[in-house]
Amino acid sequence: MSKNLVIVESPAKAKTIESYLGKDFTVKSSFGHVRDLPEHDMGVDVENGFKPVYEISADKVKVINELKKLAKEAEQVWLATDDDREGEAISWHLKEALGLPDDTKRIVFREITKSALQNAIERPRNIDLDLVNAQQARRILDRLVGYELSPVLWKKIRIGKSSLSAGRVQSVAVRVIVDREREIDAFQSKSSFKVTARFDLGNGKILNAELPKNFDKEAEAYAFLEKCIQAEFSIKNLETKPAKKSPAPPFTTSTLQQEASRKLSFSVSQTMTIAQKLYEAGKISYMRTDSTNLSEEAMGKAKDQINSEYGTEFHQRRTYKTKSESAQEAHEAIRPTDFSTLVASKDRNEQRLYELIWKRAIASQMSDAQLERTTATIGISTTKEELVAQGEVIKFEGFLKVYLESNDDDSDEEQKGMLPPLNIGQQLNLSDMKATERYSRNPPRYTEASLVKKLEEMGIGRPSTYAPTISTILRRGYVVKEDRPGQEREFKELTLRNNEIKGKVSKETYGTEKAKLFPTSTGMIVNDFLVNHFQDIVDFSFTANVEKDFDNIAEGKVSWQRMIDNFYKGFHKKVAEAEGEKIDRSLTTRELGEDPNSGKKVSVRVGKYGPYVQIGDVEDEEKPKFASLQKGQLMETITFEEAMELFKLPREVGFYEDKGMVVNIGKYGPYVKHDDKFYSLSPTDDPMAVTEERLIEIIQEKRKQESNRIIREYDENPNAKVLNGKYGPYIAFGKRNIKIPRGTEPTSLTYEDVLKLAEGTEEKPAAAKAKGGRKTAAKKTKKD
DNA sequence: CAGTGAGCGAGCTTCCGCTTGACTT
């Protein structure tokens, strides 16, 4: 039994701190918040000063009981939760739940180092009630908004499979995505002609140059190339300028999520799960942070590492200011706990993320890269226009030796190389010149990570909520994360070679999307409803504005009840107004035209099972015809022609082995059904046009594949087989799938080999189908 | 790898921020 009980938020942090403080201190964790408003009730008395009802969260009852016991035994309790608004509130809730006196010692530190801890212990204070009240205002505002708005949606918009919801953060996240989709839809791509030239300098050396301006019209580009026939080209000017590049600050949660997405293709939640493992193993500092600050101790260790590994000229001490205004900076930036550790994990993804964190943190304490940029201007004897060639040479690598931040826009900014040696006045020999048609690009769709970046810029959400917010808007069906194929378009290219201009038309694919966020019809409808009725809540600056109020409460200038009262008066009036209005069908219905066959109305609607097209009315004597919209189609943008196409499926296409074949589009794309079996069409098959012959081919192919599936069976055990799968040969052992070691010939595996390989593998089947994410979540909430 | 969609009424859903596991698929 020790004299002192210190309570922090995270168990991993508790362990570290305990090792620093010695045997007189027991350090325990609260595992985050311990009390909250009730889940199934508003829990806020709007008629009596917004008095909140707090209860100990179901999953914290055990923690609280244990802490109560330890607190009783200890002489002194220290509340050491995080140094920010939420942390202060956690301390207050702990004090209330544990029955501690009001003057219980409260200590704070923003980095976990021995000196920071000692400093904190020497300067305890009491709980800052103003700061606690700012948190209560934040919590209660979110509850009022979420729990008054969501039921309005249930009553006024009855669509979608999962229950609708709205909130200060999620609704703005959806709005950002909906707005962007409409921008893209309205975007008019313009083409122009870009001129590039290649000069042959002899000895295999080539100089690439381009015209700084593009031509809007093909005729102008042609005229320019014409002028260049027989023209003489010479170097008119050479200019060399020094330049430098500086490293990016060490990672915060949001920048880590962005870089892991760009460089490692991790999803936001994947990044957090992996980072959590590294944190729990003591390899990195805390991963939910908005600070770019490094402790003195960490900077010193980074310096040692850089000096010994790269040399002192590579080190430059830097401190970074956190950009975001909403930052609360209770922690350090994300960094390795020990810079001399290069291998932190055997797990490939953990190691890859660790390396990213290590490199970024090390680079942030390194010197600038020194560059030299050379621009060569090339004169043309027949015109005033000039061509430009640019090159770049790295004079001193600096931080680039370790790390370069990547870019969001996949713009074709090619790596500039070195220019060959050139002199002013030098005559150049043109080998060819091209004018290529280029199209302007629409604004990009959001990835998970670029959405997080956008939210952070607007001050919306916190490091601990970025990943859950994305899960929420996906789970609600407001947004889908998908790959979408691009479209083809033609572009023209004029080439001048050997004094002759030739034209050519080629095809390119554009607009291919990978793992991007698209709004659904449901998302658009809910968004429009909120924008119409609750403009100020989904306003992009709403959070920033209320944050100012919270700051005033934290400084003791305003009472939290007064702030909430001010907000609630206007808000609740709008809720009452919206509830009083009739259900607006125009939100969920769009007329498309008339069916030429029956003369009946064609409309697109959104119902319980998603968006669909309807021919006719339910009041008609004959029942209306229905067809679901396909993946990627929206109520808002589908055309009459596209809608009518949907009724052409399912298509009956001929017979095979005396049984009919039916083509349709299912959950996993187009398929043909034959004899109660399903066969997927390949992406190049058009379900509307695919022929009987091709379908028979598809069925035979699949059958052949199936027959090749079994590589080897064993008499000893009918449940052990060597099979040919999607990813190559593998062993199926009961319910388990086992990898075959590299270099082993699958046909040569004996049953003994199989048993040996099966040894040590887990009982569970290795891979599971990604199918039930939604189900799991639903179950979870029910259980609670 | 389906076929569902109206309207009625019952009874259900819901927020944001702190923390980890537990548990399917």
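Here is how names work: the chains are called A, B, and so on, in the same order as the sequence lines, proteins then strands, and each is numbered from 1. The basis for the numbers below is simple: all heavy atoms, side chains too, and nothing from hydrogens, waters or symmetry mates. Here the structure is a predicted model, which is why all the values come from computation and not from measurement.
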Return the CZ to OG distance between A:R106 and A:S91, rounded to the nearest 0.5 Å. 3.5 Å
With a 3.5 Å cut-off and no angle check, do the side chains of A:Y54 and A:Q136 form a donor-acceptor pair? yes
Short side-chain to backbone donor-acceptor contact, A:T289 and A:S291, under 3.5 Å: yes
Return the nearest nucleotide to the side chain of A:R462; candidates are B:dG17, B:dG5, B:dT19. B:dG17
A:Q135 atom CD is separated from B:dT19 atom P, nearest whole Å, by 13 Å
Polar pair under 3.5 Å, donor/acceptor by atom type, side chain A:R139, base B:dC15: yes
Using a heavy-atom cut-off of under 4.0 Å over every strand shown, decide if A:G167 touches base, sugar-phosphate, or nothing. sugar-phosphate
Measure NZ/A:K625 against P/B:dT4 and give the value in whole Å, please. 15 Å
Can you tell me if the side-chain N/O atoms of A:S163 get under 4.0 Å from OP1 or OP2 in B:dT14? yes
Nearest to the side chain of A:V618, which nucleotide is it out of B:dC1, B:dG17, B:dA6? B:dA6
For B:dT13, is there a stacking contact with A:W154, counting only centres under 5.5 Å and planes under 30°? yes
Quick one: do A:Y279 and A:S10 satisfy side chain to side chain donor-acceptor pair (under 3.5 Å)? Show the steps, please. CA-CA 11 Å; A:Y279 169 68; A:S10 146; 2.8 Å; yes
Scan A:G610 against the nucleic acid and name what it touches under 4.0 Å (heavy atoms): base, sugar-phosphate only, or nothing. base
Under 3.5 Å donor-acceptor pairs involving side-chain atoms of residues 618-633 of chain A, not counting sequence neighbours:
from: A:D620; atom 1: OD2; to: A:D617; atom 2: N; distance (Å): 2.9
from: A:E622; atom 1: OE1; to: A:K600; atom 2: NZ; distance (Å): 3.4
from: A:Q633; atom 1: OE1; to: A:Q630; atom 2: N; distance (Å): 2.9

Is the NZ or CZ atom of A:R35 both under 6.0 Å from the centre of the six-membered ring of A:W92 and within 45° of that ring's axis? yes
Euclidean distance, atom CZ of residue A:R605 to atom P of B:dT4 [Å, nearest integer]: 17 Å
I'd like a table of atom pairs between the protein and nucleotides 7-9 of chain B - only N or O on both sides, under 3.5 Å - with the distance next to each one.
from: B:dG7; atom 1: OP2; to: A:R585; atom 2: NH2; distance (Å): 3.4

Please classify the nucleic acid contact of A:Q276 as base, sugar-phosphate, or nothing, using heavy-atom distances under 4.0 Å. sugar-phosphate
Shortest side-chain distance from A:S464, nucleotide among B:dC15, B:dG17, B:dT20: B:dG17
Whole-Å gap separating P (B:dC18) and CG (A:D82): 9 Å
Residue mapping more 5' on DNA chain B - nearest nucleotide basis, A:S150 or A:H331: A:S150
From CG of A:D84 over to C1' of B:dC18, roughly how many Å is that when rounded to an integer? 9 Å
Can A:Y609 be said to stack with the base of B:dT4, given centres closer than 5.5 angstrom and planes under 30 degrees apart? no
Under 3.5 Å, is there a donor on one side chain and an acceptor on the other for A:E701 and A:Q705? no
Is there a side-chain polar atom (N or O) of A:S165 under 4.0 Å from OP1 or OP2 of B:dC15? yes
Among B:dT19, B:dG5, B:dG17, which nucleotide sits nearest the side chain of A:S628? B:dG5
Within the structure, does a side-chain N or O atom of A:S10 lie under 4.0 Å from either OP1 or OP2 of B:dT20? yes
Per atom distances to the A:T472 side chain, the nearest of B:dG5, B:dT19, B:dC15 is B:dC15
Strictly by modelled atom types, are A:E111 and A:Y286 linked by a side-chain donor-acceptor pair under 3.5 Å? no
Nearest to the side chain of A:D142, which nucleotide is it out of B:dC1, B:dT19, B:dC16? B:dC16
From CG of A:L149 across to C1' of B:dT13 the rounded distance in Å is 14 Å
Which nucleotide wins on minimum distance to the side chain of A:H40, given the candidates B:dT19, B:dT14, B:dG17? B:dT14
Heavy atoms only, 4.0 Å cut-off, all strands: where does A:A89 land among base, sugar-phosphate and nothing? nothing
How close or far is atom C1' of B:dC18 from atom NZ of A:K60, stated in whole angstroms? 7 Å
Sequence neighbours excluded, the answer for ring pair (Phe, Tyr, Trp, His ring centres under 6.0 Å) partners of A:F678 is A:Y671
Nucleotide B:dT14, atom P - distance to CZ of A:R143 in whole Å: 12 Å
For A:R476, answer base if it contacts any base atom (sugar-phosphate contacts may also be present), sugar-phosphate if it contacts only those atoms, and nothing otherwise; contact means non-hydrogen atoms under 4.0 Å. sugar-phosphate
